[in-house]
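Take a look at the structure set out below.
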Amino acid sequence: MNRRSALRKRLQDTERQLRAARLELKQTRDNYQNMVEEVKDYAILLLDIDGNILNWNKGAEKIKGYTSSEIIGKNFRLFYTARDRASLVPEQLLHAAVKDGRVQHEGWRVRKDGGLFWSNVTITAMHNRDGQVTGFLKITHDLTERRMAEENSRLYTEKLEIKNSELEQFTYIASHDLQEPLRSISSLAEMITEQYQGKLDETADTYLHFILQSVNRMSQLIKGLLDYSRLGKAELDPQVDCNVIMETVLADLQSAIKDSNAIINVKQLPVLSAYPMELKLLFQNLISNAIKFRKKDQQLYVNVSACLTDDGWIFEFQDNGIGIDQRFSDKIFEIFQRLHSKSAYEGTGIGLAHCKKIVAMHNGRIWVDSIPGEGSRFYFIISV
């Protein structure tokens, strides 16, 4: 084979390779075009330098409502609301894409039928080999469902806040107004008792005693309800020393602790982000409950500790009191729920409901493990 034949063969081989490369490139472009056209969840389209539409995929047809024959050649400004067009939002987005290479924007867009949808739009500038902008790639995602869900959630939250505010106001007014007639009843009952006790028969004295007891209990219930409605009004403190809180609680309960001969053991507690007054009430209620529901023939021990976990700080209040049947482990945290008669154990049935609400304020939960006759272990998580 002479040199001319060898050269001709090399040229033929090169030409075949070029044809194969062009065919492969065309197939790749066709595959890409088909893929883009078949995408249904996103509107993917090319714009020329002026924002005129050059192609249209199924996602664009689904989201915007136009067929390709209706829309190709028209300017993408028609997707924008009259207000956005007047504010030159489409032009500003193209300018930003030219300047920064890419721009994102969320807002209301207009469908063919005039309906609105909330969209997330990404516009990317396309360049030639010389770095000049030749057009834009525009991708639109319909986020109307997400937007409506967020809006419904916001409206629900606002309504809930209004209802809570109204309920708190009602609770305060009702509690305040109910206290006044109770004071009058209490004063009259005390005056009658002072003047006529022992002068009437034994039944009358018993009735007066029951009246005073009922008035005092009603007053405690109203105060407890008012305190319950006020929980969470204070500001969150980022540095609350639980050891200081516990010292204050034990000082306040000194008389009850002494009278019950209780021994309170407290291990080192953490410093954490919390509501100080509410945390004090939480500690106080749990220790007061342990003192109230102690065994009369056995010295009371209460052990308090805390440890850090992945969920937050877990506190444990363990006692050797009368215990609780596990069937009622949820019931005891509901407001006004009691497991014992008023004659056996005093109280309003609000204390543990307070505890539950306070722990919920700290993004945690509270529960109890208990065996009747052997004591209880109250646990709660503070995960602020």
Carboxylate-amine/guanidinium contact [X] [Y], below 4.0 Å:
X: Lys112; Y: Glu70; value: yes
X: Arg77; Y: Asp84; value: no
X: Arg154; Y: Glu150; value: no
X: Arg146; Y: Glu106; value: yes

Calculate, to the nearest 0.5 Å, the distance between atoms [atom1] and [atom2] belonging to [X] and [Y] respectively.
X: Ile382; Y: Ile358; atom1: CD1; atom2: CD1; value: 9.0 Å
X: Met148; Y: Leu143; atom1: CE; atom2: CG; value: 13.0 Å
X: Asn75; Y: Leu47; atom1: CG; atom2: CG; value: 8.0 Å
X: Leu282; Y: Cys242; atom1: CG; atom2: SG; value: 9.5 Å
X: Glu374; Y: Ile324; atom1: CD; atom2: CD1; value: 13.5 Å
X: Asp100; Y: Arg102; atom1: CG; atom2: CZ; value: 11.0 Å

Ile381 and His362: side chain to side chain contact (heavy atoms under 4.5 Å, CB included), yes or no, with the steps?
-> CA-CA 8 Å; Ile381 298 175; His362 292 85; over 6 Å; no
Mark yes when over 12 heavy atoms from residues, nucleotides or ligands other than Gln298 sit less than 6.0 Å from its CD; otherwise mark no.
->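 Counting neighbours around CD of Gln298, more than 12 heavy atoms of other residues, nucleotides or ligands fall under 6.0 Å, so yes.
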NE2/His95: more than 12 non-hydrogen atoms of other groups inside 6.0 Å |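 Check fails, neighbour count at 12 or below.
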Distance-minimising heavy-atom pair for [X] and [Y]:
X: Ala43; Y: Ala60; value: CB-CA, 3.4 Å
X: Asn57; Y: Tyr42; value: ND2-O, 3.0 Å
X: Lys138; Y: Val121; value: CE-CG1, 3.9 Å
X: Ile264; Y: Ile257; value: CG1-CD1, 4.1 Å
X: Gln92; Y: Ser87; value: NE2-O, 3.0 Å
X: Glu61; Y: Tyr66; value: CG-O, 3.2 Å

Compare all side-chain heavy atoms of [X] with those of [Y] and state whether any distance is below 4.5 angstrom.
X: Leu281; Y: Met277; answer: no
X: Ile322; Y: Pro372; answer: no
X: Asp48; Y: Ile53; answer: no
X: Cys307; Y: Thr309; answer: yes
X: Leu116; Y: Arg111; answer: no
X: Glu91; Y: Leu94; answer: no
X: Asp311; Y: Ser383; answer: no
X: Trp118; Y: Arg109; answer: no

Quick one: which of Asp252, Ile245, Leu279, Thr248 gives a side-chain contact (heavy atoms from CB on, under 4.5 Å) with Gln284?
->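 Of the listed residues Asp252, Ile245, Leu279, Thr248, the side-chain contact (heavy atoms from CB on, under 4.5 Å) partner of Gln284 is Asp252.
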Do [X] side-chain atoms and [Y] backbone N/O form a donor-acceptor pair below 3.5 Å?
X: Asp130; Y: Gln132; result: no
X: Gln318; Y: Val302; result: no
X: Arg377; Y: Val368; result: no
X: His354; Y: Asn285; result: no
X: Arg85; Y: Tyr80; result: yes
X: Asn265; Y: Asn303; result: no
X: Asn120; Y: His141; result: no
X: Asp50; Y: Asn52; result: no
X: Asp319; Y: Ser376; result: yes

For the residue pair Tyr379 and Trp367, does the interplanar ring angle fall in the parallel (under 30°), tilted (30 to 60°) or perpendicular (over 60°) class?
->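 Parallel.
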Parallel, tilted or perpendicular: which describes the rings of Phe380 and Phe315, with under 30° parallel and over 60° perpendicular?
->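 It falls in the parallel class, under 30°.
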ILVMFWY cluster, [X] and [Y] together (side-chain gap under 4.5 Å):
X: Trp108; Y: Val103; answer: no
X: Tyr301; Y: Leu269; answer: no
X: Leu45; Y: Val98; answer: yes
X: Leu250; Y: Leu253; answer: yes
X: Leu272; Y: Leu308; answer: yes

Please lay out, stage by stage, how Asn320 and Leu300 fare under the test side chain to side chain contact (heavy atoms under 4.5 Å, CB included).
-> CA-CA 6 Å; Asn320 62 336; Leu300 172 67; 3.3 Å; yes
Dump the intermediate steps for side chain to side chain contact (heavy atoms under 4.5 Å, CB included) on Ile63 and Phe79, then the final yes or no.
-> CA-CA 11 Å; Ile63 293 172; Phe79 303 137; over 6 Å; no
Is the distance between the ring centroids of Phe136 and Phe76 under 6.0 Å?
->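 Ring-ring flag for Phe136/Phe76: false, centres at least 6.0 Å apart.
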Does the pair Asn243 and Gln268 meet the rule for a side chain to side chain contact (heavy atoms under 4.5 Å, CB included), with working shown?
-> CA-CA 7 Å; Asn243 300 286; Gln268 185 69 24; 3.1 Å; yes
Could you walk me through whether Asp142 and Thr144 pass side-chain hydrogen bond (donor to acceptor under 3.5 Å, both in side chains), step by step?
-> CA-CA 6 Å; Asp142 184 354; Thr144 306; 2.5 Å; yes
